[in-house]
Amino acid sequence: MQKRFMILSCITIFAAMYFWSFSYQRVYAMHIMEGFLPIKWVIFWWAMTIPFLIKGVRTIQQKLTLAPDLKTMLGVSTAFTFVLSALKLPSVTGSSSHPTGVGLGTILFGPTVMTVVGFIVLFFQAMLLAHGGITTLGANTFSMGVVGPFATYFLFKFFKKLKMNMKLAIFISAAIGNLSTYMMTSFQLALAFPDGTSGFIGAFAKFTAIFGMTQLPLAITEGILTVMTMNYLLKYNSRELTLLSWKEAETR
C-alpha cells in the first residue's frame, strides 16, 4: 500500500510541475487574498462555511470509525487537493486561477468531507505559502470546499443514474466542480465590489469573463487528471473503494 501511495504521489507531483511551468508571474493570492474583503463579508462567509465544516468533521469520524483502512485513501485525496490547488495562474486583482483538486475526494468520500479537506488545505497554504489568508479563509473554503464539491457530487450522482460512461461522468463532474468554484468566487467578489455603473450584475460578468480565460483549460485538465487518478485507484485500491461504496449510504 505504501509503495502504491508513493507512485500516486509521484504522478501528482509530476502534474504539479506541469502546471507550475505556466506560473511565471509572481502573485500573492490563492483565491481571495488576505485583507481583500470588507469585514461584513468576512463574517458572512465564515458563518456560511462553519455548518458545513461541522457536518464534514462528523462524517469523517463516522467513515473512519466504520472503516479505519480508509485513512490512507483520505490522505491521498488531501494530497491531491493540496498539490493541485497550490498551482496558480494570475487572474483578477486580489485572486488567482488554479485547479482545485476537490473532485477526486468528493467522488470518493462525498462533499462535506471535502469541505474539511479544503479548509485544511487552504489554511496551510495561507500559513506556509502566503496564498490566501485567515480573514478570507471562510470565503475561500465556501467556494472551493462547499460549492465545488457539491456541484461535483450532484452531477456525478445524476450521471450515474443516467448510466453514463464512468470515466466521462468523472471527467465532466470534476471539470464542472472546478468551474463552479470560480463562479462562486466571481459571485463573492461581485457582492463585495459591485461595478460603479452596472452594479452587481456588471461586476459578476466582468469577473467571470476574466476568470474564464484561465479557468476553462484548467478545468479540462483537472478533469483528465481526476480520471487518471481514479483509474489508478480502481486498479490498485479496489478493496478501499468497495468499503467506500458499502458505507456510502450510512455516512453521507
Which atom names give the shortest non-hydrogen contact between [X] and [Y], and what distance separates them?
X: N178; Y: A219; value: OD1-CB, 3.7 Å
X: S173; Y: T152; value: O-OG1, 3.2 Å
X: P194; Y: F200; value: CB-N, 3.8 Å
X: L108; Y: S77; value: CD1-OG, 3.5 Å
X: A192; Y: P38; value: CB-CD, 3.9 Å

Exercise. For side-chain hydrogen bond (donor to acceptor under 3.5 Å, both in side chains), just list the numbers for E34 and T135, CA-CA rounded to whole Å, side-chain angles, deciding distance to a tenth of an Å, and then say yes or no.
Key: CA-CA 6 Å; E34 179 66 52; T135 60; 2.6 Å; yes

Heavy-atom side-chain contact between [X] and [Y] under 4.5 Å:
X: F123; Y: I134; value: yes
X: F119; Y: F52; value: no
X: F109; Y: I60; value: no
X: L168; Y: V227; value: no
X: L104; Y: L84; value: no
X: I32; Y: W41; value: no
X: Y232; Y: M228; value: no
X: V117; Y: L74; value: yes

Distance in Å, [X] [atom1] paired with [Y] [atom2], rounded so as to fall on 0.5 Å steps:
X: I54; Y: T112; atom1: CD1; atom2: OG1; answer: 12.0 Å
X: T106; Y: I170; atom1: OG1; atom2: CD1; answer: 12.0 Å
X: L233; Y: F80; atom1: CG; atom2: CZ; answer: 9.5 Å

Self-check item: Trace of the side chain to side chain contact (heavy atoms under 4.5 Å, CB included) decision for M33 with T136
Solution: CA-CA 7 Å; M33 69 182 181; T136 56; 5.9 Å; no

Self-check item: Evaluation steps, side chain to side chain contact (heavy atoms under 4.5 Å, CB included), between K167 and N231
Solution: CA-CA 8 Å; K167 293 180 182 179; N231 286 342; 3.5 Å; yes

Quiz prompt | Steps toward side chain to side chain contact (heavy atoms under 4.5 Å, CB included) verdict (L64, L70) | solution = CA-CA 6 Å; L64 296 185; L70 294 176; 4.1 Å; yes

Practice problem: Verify the ring-centre separation between F207 and F187: is it less than 6.0 angstrom? | Solution: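 No.
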
Quiz prompt | Sub-6.0 Å ring centroid separation between F171 and F159 | solution =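 Judged by ring-centre distance (under 6.0 Å), F171 and F159 do not meet the cut-off.
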
Quiz item: Yes or no on side chain to side chain contact (heavy atoms under 4.5 Å, CB included) for W45 and L191, after CA distance, side-chain angles and deciding distance?
Solution: CA-CA 12 Å; W45 292 116; L191 280 177; 4.1 Å; yes

If only atom types and distance count, is the side chain of [X] paired as donor or acceptor with the main-chain N or O of [Y] below 3.5 Å?
X: Q125; Y: F82; value: yes
X: T100; Y: M144; value: no
X: E222; Y: G101; value: yes
X: S143; Y: N140; value: yes
X: S186; Y: F204; value: no

Quiz item: Is it the case that more than 12 heavy atoms not belonging to F158 sit under 6.0 Å from its CZ atom?
Solution: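 Open: at most 12 neighbouring heavy atoms sit under 6.0 Å from CZ of F158.
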
Self-check item: Heavy atoms from other residues, nucleotides or ligands near CE of M183 exceed 12 (cutoff 6.0 Å)
Solution: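 Not buried by this count: 12 neighbours or fewer within 6.0 Å.
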
Quiz prompt | The single option from T59, I50, L53 passing side-chain contact (heavy atoms from CB on, under 4.5 Å) against T115 | solution =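 The residue from T59, I50, L53 that satisfies side-chain contact (heavy atoms from CB on, under 4.5 Å) with T115 turns out to be L53.
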
Quiz item: With T141, which of I120, L122, V121 fulfils side-chain contact (heavy atoms from CB on, under 4.5 Å)?
Solution: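 Testing each of I120, L122, V121 against T141, the sole residue satisfying side-chain contact (heavy atoms from CB on, under 4.5 Å) is L122.
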
Practice problem: Dump the intermediate steps for ring pair (Phe, Tyr, Trp, His ring centres under 6.0 Å) on F44 and F142, then the final yes or no. | Solution: CA-CA 11 Å; F44 176 80; F142 192 84; 8.1 Å; no

Exercise. Name all pairs fulfilling the side chain to side chain donor-acceptor pair (under 3.5 Å) condition that reach into residues 187-201, sequence neighbours left out, sorted by first residue then second.
Key: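 Residue pairs with at least one partner in residues 187-201: D195-S198, D195-K206.
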
